[in-house]
Undergrad: 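One structure, as structure tokens, below. Some questions next.
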Amino acid sequence: MDNLSNIGRVRELCQRYGFTFSKSLGQNFLVNPSVCPRIAEQGIASPEYGVIEIGAGFGVLTVELAKRAKKVVVIEIDEKLLPVLEETLADYSNITVVNQDVLQVDLAALIEREFPGMPVAVCANLPYYVTSPVLMSLLERRLPIESITVMVQKEAAERLCAEMGTRACGAVTAAVQYYSQPRLLFHVSRGSFLPPPNVDSSVIRLDIRKEPPCAVPDEEFLFRLIQGGFSQRRKTLPNPLSGTLGRPKAEISAALEEAGLKPTARAEELSLPDWAALARILRRGQG
Ligand code: SAM
């Protein structure tokens with residue numbers, strides 16, 4: 001019962017269950033048979049793993065995860081998919097479907113309840129409209145997970161995996177790299193989905209760090225600084241940061257110099273340790 005990447009099977013299920021794809025829920029289902037096995041293989045390190053999947057669709061990735069992991073909990077917002085999943089996942093006793101918005105789920109409690117003593121990974125073909133909030137909430141809450149292997153829009157993948165200090169990076173790059181070590185695994189063309197989206201996709205893997213790569217006394221302040229710096233990425237840092245912190249540009253220039261940086265530096269030129277050094281110096285003056 002797992003030819004779910006067959007386009008004829010997907011159409012047949014749509015017809016039989018009267019299911020129509022919702023654009024606003026990012027419903028583009030994978031119909032390329034090689035992609036889900038690759039995501040599952042790269043996302044699950046060994047058979048003892050518990051896996052959280054976000055967005056089941058018809059279960060095409062879910063079954064590949066269930067073949068390789070001890071247990072899979074898949075969170076799916078669309079209740080219209082539940083009767084379909086009852087049929088498509090019927091052969092697997094290690095899958096639990098949770099019908100909820102992933103952004104409303106208490107993931108710490110779910111992990112404690114569903115995966116006691118197990119290493120946990122997240123795997124998903126993410127609905128693009130929630131990519132950033134989902135990744136940030138998984139990372140910021142410091143959940144006991146080992147890795148996150150997800151398909152995202154190609155441009156987002158390139159930004160998330162960019163080197164800090166290069167033009168491709170942004171505030172989200174810094175946040176993701178503070179909590180994890182990201183890697184771009186492979187690209188997936190738009191023709192691999194039904195219906196095909198307007199963009200290509202990539203699969204990335206984030207290996208969660210046990211410790212942050214640089215010490216800061218106040219993470220919230222660090223991220224406020226980074227967000228502020230990238231809010232006007234073409235301007236030299238004293239301009240946006242003076243607005244963000246409500247402090248004179250001269251003070252920001254002096255802090256940059258004290259951190260060993262040029263006062264004419266732009267956000268995209270700084271490494272994570274540079275941001276951390278700047279945050280430590282500017283935080284001193286915040287009381
Ligand atoms: N895993 C399937 C596949 O690869 O074919 C479906 C992937 S599709 C890109 C995204 C799925 O996420 C859809 O089934 C959609 O209903 C579900 N979804 C969208 N928003 C969600 C949310 N906030 N919480 C949980 N699931 C969501």
Side-chain angles (χ1 to χ4, degrees), residues 2-14 17-44 51-69 72-89 92 95-107 110 121-138 148-154 156-157 185-204:
D2 49 49
N3 53 348
L4 292 165
S5 56
N6 179 294
I7 209 160
R9 169 94 168 118
V10 173
R11 290 213 167 102
E12 183 267 324
L13 285 167
C14 287
Y17 285 93
F19 180 81
T20 48
F21 296 100
S22 155
K23 208 171 177 174
S24 63
L25 290 179
Q27 289 177 341
N28 304 95
F29 294 177
L30 270 163
V31 289
N32 174 336
S34 70
V35 176
C36 291
R38 280 180 85 188
I39 298 177
E41 264 152 35
Q42 307 233 27
I44 303 171
V51 177
I52 301 175
E53 187 193 352
I54 297 152
F58 285 172
V60 65
L61 175 60
T62 321
V63 297
E64 295 302 329
L65 299 171
K67 286 181 204 165
R68 292 167 179 83
V72 179
V73 174
V74 58
I75 302 163
E76 172 55 61
I77 197 172
D78 188 355
E79 64 179 5
K80 292 198 295 310
L81 286 165
L82 300 183
V84 190
L85 290 168
E86 241 175 75
E87 174 179 333
T88 59
L89 306 182
Y92 298 86
I95 300 175
T96 303
V97 180
V98 175
N99 180 209
Q100 237 181 306
D101 177 345
V102 64
L103 297 172
Q104 306 296 323
V105 175
D106 180 344
L107 290 169
L110 181 146
V122 173
C123 290
N125 168 14
L126 279 182
Y128 295 148
Y129 78 102
V130 285
T131 300
S132 288
V134 165
L135 289 182
M136 288 323 298
S137 78
L138 287 170
I148 303 171
T149 304
V150 282
M151 171 121 63
V152 299
Q153 208 170 312
K154 191 172 174 213
L185 297 181
F186 57 93
H187 298 298
V188 179
S189 71
R190 60 193 78 186
S192 298
F193 301 87
L194 188 74
N198 296 324
V199 291
D200 292 318
S201 301
S202 304
V203 177
I204 59 171

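Bear in mind that the values here come from a model prediction, so they are computed numbers and not experimental data. Counting convention: from 1, in listed order, for ligands and their atoms alike.
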Undergrad: Can you tell me how far the CG atom of Leu138 sits from the CD1 atom of Ile52, to the nearest 0.5 Å?
TA: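 So the CG of Leu138 and the CD1 of Ile52 are separated by 7.5 Å.
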Undergrad: Below 4.0 angstrom from a heavy atom of Gly26, which ligand 1 atoms are there? Numbered from 1 as shown, please.
TA: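 Per the distance check, 8 (S), 9 (C), 10 (C).
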Undergrad: First locate atom CZ of Phe193, then atom CG of Asn32, and finally report the distance between them rounded to the nearest 0.5 Å.
TA: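 Between atom CZ of Phe193 and atom CG of Asn32 there are 8.5 Å.
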Undergrad: Kindly say whether Ser22 contributes a backbone atom to a donor-acceptor pair with the side chain of Gln27 at under 3.5 angstrom?
TA: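 Yes, Gln27 side chain to Ser22 backbone: donor-acceptor pair under 3.5 Å.
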Undergrad: With a cut-off of 4.0 Å, which atoms of ligand 1 are near a heavy atom of Ile75?
TA: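 Ligand 1 atoms under the 4.0 Å threshold to Ile75: 25 (C), 26 (N).
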Undergrad: Measure the distance from atom 19 (C) of ligand 1 to every protein heavy atom, then report the residue, atom name and distance (to 0.1 Å) of the closest one.
TA: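 Ranking protein heavy atoms by distance from atom 19 (C) of ligand 1, first comes Leu25 O, 3.1 Å.
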Undergrad: Could you find the nearest protein heavy atom to atom 23 (N) of ligand 1 and give me its residue, atom name and distance?
TA: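 So the nearest neighbour among protein heavy atoms is Asp101 OD1, 2.9 Å.
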Undergrad: Give a yes-or-no answer on whether the side chains of Glu53 and Thr62 include a donor-acceptor pair shorter than 3.5 Å.
TA: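 Glu53 vs Thr62: donor-acceptor pair found between side chains.
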Undergrad: Arg190 side chain to Pro196 main-chain N or O, any donor-acceptor pair under 3.5 Å?
TA: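 No, Arg190 side chain to Pro196 backbone: no donor-acceptor pair under 3.5 Å.
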Undergrad: Determine whether a donor-acceptor pair (N or O, by modelled atom type, separation under 3.5 Å) exists between the side chain of Asn125 and the backbone of Phe29.
TA: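 No: the side chain of Asn125 does not pair with the backbone of Phe29.
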Undergrad: Using a strict cut-off of 4.0 Å, indicate which atoms of ligand 1 neighbour a heavy atom of Gln100.
TA: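 That gives atoms 24 (N), 25 (C) of ligand 1.
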Undergrad: Under 3.5 Å, N or O to N or O, is Gly57 touching ligand 1 that way?
TA: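 Looking only at distances, the answer is yes, because the N/O contact criterion of under 3.5 Å is met.
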Undergrad: Below 4.0 Å from any atom of ligand 1, is there a heavy atom belonging to Leu81?
TA: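 The answer is yes: ligand 1 sits under 4.0 Å from a heavy atom of Leu81.
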Undergrad: Among all protein non-hydrogen atoms, which one is nearest to atom 24 (N) of ligand 1, and what is the separation to 0.1 Å?
TA: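 Atom 24 (N) of ligand 1 sits closest to the protein heavy atom Val102 N, 3.0 Å.
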Undergrad: Can you tell me the protein heavy atom closest to atom 14 (O) of ligand 1 and the distance?
TA: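 For this ligand atom, the closest protein heavy atom is Glu76 OE1, 2.7 Å.
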Undergrad: Could you say whether the N/O atoms of Gly55 and ligand 1 ever approach to under 3.5 Å?
TA: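 Such a contact does occur with ligand 1.
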Undergrad: Just which atoms of ligand 1 are under 4.0 Å from any heavy atom in Glu53?
TA: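 Counting atoms of ligand 1 from 1, those under 4.0 Å from Glu53 are 1 (N).
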Undergrad: Which atoms of ligand 1 sit under 4.0 Å from any heavy atom of Gln27?
TA: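 Once the distances to Gln27 are compared, the set is 13 (C), 15 (C), 16 (O).
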Undergrad: Calculate, to the nearest 0.5 Å, the distance between atoms CD1 and CG belonging to Ile75 and Asn99 respectively.
TA: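 CG of Asn99 is found 11.0 Å from CD1 of Ile75.
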Undergrad: Nearest 0.5 angstrom please: Leu126 CG to Ile148 CD1, how far?
TA: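 One gets 9.0 Å once the value is rounded to the nearest 0.5 Å.
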Undergrad: In terms of residue, atom name and distance, what is the protein heavy atom nearest to atom 2 (C) of ligand 1?
TA: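 For atom 2 (C) of ligand 1, the nearest protein heavy atom comes out as Ala56 O, 3.3 Å.
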Undergrad: Between CE of Met151 and CG of Leu185, what distance do you get to the nearest 0.5 Å?
TA: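 Rounded to the nearest 0.5 Å, the CE-CG separation comes out at 11.0 Å.
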Undergrad: Where is the nearest protein heavy atom to atom 5 (O) of ligand 1: which residue, which atom, and how far?
TA: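 Residue, atom and distance for the closest contact: Leu30 N, 2.8 Å.
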Undergrad: Quick check on side chain to side chain contact (heavy atoms under 4.5 Å, CB included): which of Leu65, Leu89, Leu61 does Val72 satisfy it with?
TA: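 The passing option is Leu65.
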Undergrad: Against ligand 1, does Leu103 come closer than 4.0 Å with any heavy atom?
TA: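 Contact check Leu103 vs ligand 1: negative.
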Undergrad: If you round to the nearest 0.5 Å, how far is OH of Tyr129 from OG of Ser24?
TA: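 Nearest 0.5 Å value for the OG-OH distance: 7.0 Å.
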Undergrad: Please identify which atoms of ligand 1 are closer than 4.0 Å to at least one heavy atom of Val60.
TA: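 The list of qualifying atoms is 3 (C), 4 (O), 5 (O).
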Undergrad: Give me the residue, atom name and distance of the protein heavy atom closest to atom 4 (O) of ligand 1.
TA: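 Result for atom 4 (O) of ligand 1: Asn125 ND2, 2.8 Å.
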Undergrad: Once you restrict to heavy atoms under 4.0 Å, what part of Tyr129 touches ligand 1? Side chain, backbone, both or neither.
TA: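 Tyr129 to ligand 1: side-chain contact only, backbone stays beyond 4.0 Å.
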Undergrad: Is ligand 1 less than 4.0 angstrom away from at least one heavy atom of Met151?
TA: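 It does not, in that no heavy atom of Met151 comes within the 4.0 Å cut-off of ligand 1.
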Undergrad: Whether Glu64 and Lys67 form a salt bridge (side-chain N of Lys/Arg under 4.0 Å from carboxylate O of Asp/Glu) is what I want to check.
TA: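 A salt bridge links Lys67 with Glu64.
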Undergrad: Give the residue, atom name and distance (to 0.1 Å) of the protein heavy atom nearest atom 26 (N) of ligand 1.
TA: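 For atom 26 (N) of ligand 1, the nearest protein heavy atom is Ile77 N, 3.3 Å.
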